[in-house]
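Each remark here refers to the structure printed beneath this line.
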Amino acid sequence: MRGHRRWAVGAGHFGLIAAFTVFTAFPFYWMLITTFKRTSDLLNRTNNPFIYNEPPTLENLRVLFFDTLFMRWLGNTLFVGVVVVVITLALALPAGYALARLTARWGEQLGIGIFLTYLVPPTLLFIPMSRVVGDLGLQDSIWSLVLVYPSFTVPFCTWLLMGFFKVIPRDLEEAAMIDGHSRLGAFVKVVVPISMAGILTVVIFTLTLVMQEFVYALTFITAARNYTVSVGVPTFLVHGDVYFWGSLMAGCFIASAPIAILYNLFVDRFIAGFTVGAVKG
Amino acid sequence: MATLEGSAAAAARPGALARLADHPTWLGALMIGPAVLYIVLVVGVPFGLALYYSVSDISMGSRTLGFVGLKNFASVVQTTKFQASLRNTFVFAIVAQVLVMVLGTILALALLRDFRGKWFVRLLILLPWVAPISLGTIGWLWILDSTYSVINWALEAVGLVRADGGFMWLGVPYLAMGSVITVHVWRILPLATVILLAGLTSIPQDIHDAAQVDGASFSRHLFQITIPLIRPIMLVAGLFGLVFAFTDMIVIFVLTRGGPYDTTQVLATLAFFTGIQGGDIAEGAAVALFLFPLLVVVAFAFLRVARRSEVT
């Protein structure tokens with residue numbers, strides 16, 4: 001009887017996990033399948049869509065890489081990502097350290113205040129932002145994105161780094177300061193080098209946030225060649241009523257999968273950052 | 001502020017620079033200053049402008065701003081489009097977030113158990129959250145396509161609908177709302193799940209063991225021990241999710257553009273279509289500002305949670 005029950009619980013558990021996994025992963029599986037399908041296969045309603053009724057093809061990938069601006073969009077995204085990473089680190093590293101060590105009560109409140117700005121959504125700011133960007137002469141330039149993206153990367157990364165610096169033992173800096181370093185010197189020469197894990201986390205999150213951003217890029221950029229990948233694919237590979245589903249799905253899959261796997265390695269740190277204050281530890 | 005002034009005097013003595021690099025308060029202010037300044041410039045200033053635009057007669061071409069008081073709000077509120085959007089925003093956000101919390105709790109409890117290949121399952125479950133949202137949603141656009149929907153094909157294949165009788169997932173009012181809610185749940189569920197999982201794993205095993213020894217039933221264990229213990233973290237997950245749901249426009253923009261007949265139009269998409277595509281910056285800003293009271297409520301709730309967990 002006991003064995004029976006355990007088996008039933010195990011099967012139920014497996015079924016539950018399987019159902020959720022299918023729900024979350026199916027669209028990506030579908031992108032992958034569609035990527036290699038011929039258009040004639042896709043657009044025949046009598047075909048079973050789960051299998052290859054005609055031999056698989058690389059034509060969709062060829063179209064994506066050579067007949068569209070996909071590569072250019074990837075390049076734009078990477079460029080914006082790298083510059084935003086540099087800006088974010090330059091601002092968030094010292095700010096995170098100051099919040100962790102150098103400020104007392106007002107610093108704590110300032111820290112929460114900075115974190116809360118992360119909650120201010122682009123949909124509240126994009127209308128005045130578009131005007132500001134226009135006045136600065138950055139309309140339709142990827143530099144507008146470089147300017148605006150730190151508005152959400154800096155608050156979150158400051159918060160994340162603050163958590164990191166808090167768990168570094170104070171003795172390390174104090175030893176460096178006894179050795180004649182100033183506090184600033186101790187931060188640069190001792191704290192930063194041992195915080196590489198935290199810095200790497202910030203780099204990954206900044207890159208993914210840049211890759212995901214949609215609203216600002218949609219608002220500021222109008223020329224196809226200046227788009228980032230998250231806006232270029234949905235707006236320019238969709239031509240009115242004619243969809244190149246194969247190439248479209250290929251673009252979605254290629255731009256999603258690597259960043260998803262990379263991000264997955266760091267997700268625990270991300271969650272720790274999100275839940276500071278709500279979980280003791 | 002008194003301490004700041006006191007240290008200013010101290011820092012002005014010989015060797016000021018070296019002292020500055022050592023003085024906790026001043027160095028702290030100096031290190032945090034640039035970040036705060038940047039945030040004020042790119043978040044605070046635009047927010048102030050949003051307030052200002054909403055009471056002005058600004059439009060895409062105009063260079064002059066005239067003050068018109070609450071006229072924009074008054075004219076926006078009267079339109080049926082706005083009223084529909086307001087209603088849709090609440091339906092969309094609340095239904096989606098309730099589903100996310102219920103499903104997220106179930107999934108997190110299921111993931112608490114160890115099993116083989118768990119890391120891979122976790123990767124698959126996290127995909128919707130970590131992939132760029134607009135691209136994931138394009139995947140759904142194909143799955144929900146009016147002619148080639150794989151769901152319709154499957155329903156036909158098992159005989160649940162007649163051939164050519166498939167659903168117009170994004171073309172019929174209630175169904176379209178159901179579809180955008182489903183896709184939004186799909187995208188937020190992973191985040192809620194991992195946050196709740198972090199909360200569940202932080203409960204010491206002794207507590208579960210003690211409940212087991214006392215012979216607590218499954219439902220009692222769940223509702224009287226586990227859920228109360230993770231309540232703060234559930235609140236955090238719920239609040240973040242609510243902000244995303246109320247303010248996000250990507251899923252709806254990609255799937256339906258607010259259609260059919262504005263039945264999936266929400267405040268965020270309406271603000272975009274009015275302020276950016278329509279060029280009426282003033283009215284667009286007014287629409288977007290209706291999101292603000294909600295954010296204030298969430299921020300206060302978040303602060304209360306943060307403060308309470310500090311005390312315990």
Side-chain angles (χ1 to χ4, degrees), chain A residues 13 16-17 20-21 24-25 27-28 30-31 49 91-92 94-95 97-98 102-103 107 112 114 116-117 119-121 123-125 127-130 132 148 150-151 154-155 158 182-184 211-212 214-215 219 230 233-234 245 248-249 252 255-256 260 263-264 267 271 274-275 277-279 281, chain B residues 21-22 24 27-28 31-32 34-35 38-39 42-43 46-47 49-50 53 107 110 113 121 123-128 130-136 138-140 142-143 150 153 194-195 198-199 202 232-233 236 243 247 249-250 254 268 271 275-276 281 284-285 288 291-292 295 299 305-306 309:
Chain A
H13 182 250
L16 196 67
I17 297 271
F20 273 110
T21 311
T24 55
F28 297 97
W30 208 235
M31 287 175 197
L91 293 173
Y97 181 74
L102 299 171
T103 55
I112 293 176
I114 288 177
L116 285 179
T117 60
L119 287 180
V120 178
T123 33
L124 199 64
L125 300 178
I127 287 175
M129 266 318 188
S130 72
V132 171
V148 172
S151 69
V154 169
T158 300
S182 65
R183 182 169 275 278
L184 187 62
M211 190 121 190
Q212 294 195 330
F214 181 80
V215 177
T219 310
S230 68
V233 173
W245 284 115
L248 199 53
M249 291 298 108
C252 291
S256 304
Y263 191 107
N264 196 54
V267 75
I271 297 307
F274 241 113
T275 52
V279 202
Chain B
D22 258 331
L27 184 62
M31 287 174 89
I32 205 168
Y38 201 100
I39 291 170
V42 291
V43 179
F47 180 67
L49 283 176
Y53 288 167
L107 183 54
R113 278 172 58 144
V121 165
L123 172 74
L124 293 180
I125 284 172
L126 277 168
L127 276 177
V130 298
I133 316 120
S134 59
L135 303 183
I138 292 276
W140 280 99
W142 174 223
I143 291 172
V150 56
W153 189 91
V194 281
I195 291 181
S202 72
I233 208 163
V236 169
V243 170
T247 62
M249 60 172 267
I250 304 177
V254 171
I276 302 295
I281 296 181
L291 294 169
F292 185 63
L295 290 177
V305 175
S309 59

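Lettering follows sequence order; numbering is per chain, from 1. Side-chain atoms are counted along with the backbone in the values below, which use heavy atoms only and exclude waters and symmetry mates.
- Taking chain B as the reference chain and counting heavy-atom pairs below 4.5 Å, the highest number among A:Ala95, A:Ala98, A:Ala92 is found for A:Ala95.
- Inter-residue side-chain proximity for B:Leu127 and A:Thr24 is flagged as unmet; no heavy-atom pair is nearer than 4.5 Å.
- By number of non-hydrogen pairs under 4.5 angstrom with chain A, the leading residue of B:Gly139, B:Pro46, B:Ala271, B:Ala285 is B:Pro46.
- Shown here are the ring pair (Phe, Tyr, Trp, His ring centres under 6.0 Å) partners of B:Tyr38, two or more places apart in sequence or in another chain: there are none.
- B:Phe47 touches chain A through backbone and side chain together, each having a heavy atom under 4.5 Å away.
- Of the listed residues (A:Ala255, A:Ser151, A:Pro49, A:Ser256), the greatest number of heavy-atom pairs within a distance under 4.5 Å of chain B belongs to A:Pro49.
- Counting heavy-atom pairs closer than 4.5 Å to chain A, the top-ranked of the candidates B:Pro128, B:Gly136, B:Ala288 is B:Pro128.
- Proximity to chain A is limited to the side chain of B:Ile39, based on heavy atoms less than 4.5 angstrom apart.
- The minimum heavy-atom distance between B:Ala198 and B:Ile233, with the atom names listed, is C-CD1, 4.4 Å.
- Ranked by heavy-atom pairs shorter than 4.5 Å toward chain B, the options A:Thr21, A:Val154, A:Leu124 are led by A:Leu124.
- Panel note: side chain A:Thr219, backbone A:Ser130; no donor-acceptor pair is recorded below 3.5 Å.
- Each of B:Pro34, B:Gly284, B:Ala268, B:Ala110 has some count of heavy-atom pairs under 4.5 Å with chain A, and the biggest count is that of B:Ala110.
- Between chain A and the residues B:Val254, B:Leu107, B:Val42, B:Ile133, the largest count of heavy-atom pairs under 4.5 Å involves B:Leu107.
- Ranking B:Val121, B:Leu49, B:Leu291, B:Leu123 against chain A, the residue ahead of the rest is B:Leu123, based on heavy-atom pairs under 4.5 Å.
- Looking at every heavy atom in both residues, A:Met31 comes nearest to B:Leu135 through CE-O, 3.5 Å.
- For B:Leu126, the part lying under 4.5 angstrom from a heavy atom of chain A is the side chain only.
- Residues B:Ile143 and A:Pro27 form a side-chain contact, since some pair of their non-hydrogen atoms from C-beta on lies under 4.5 Å apart.
- With sequence neighbours excluded, the residues that form a ring pair (Phe, Tyr, Trp, His ring centres under 6.0 Å) with A:Trp245 are A:Tyr243, B:Trp142.
- Of the possible polar contacts, one joining the A:Thr123 side chain to the B:Thr247 backbone as a donor-acceptor pair under 3.5 Å is found.
- Using a 4.5 Å cut-off between heavy atoms, A:Met249 contacts chain B through its side chain alone, with no backbone atom that close.
- Annotation: side chain of B:Pro132 is not in contact with side chain of A:Phe214 (no heavy-atom distance under 4.5 Å).
- In this structure, chain A has heavy atoms under 4.5 Å from both the backbone and the side chain of B:Val43.
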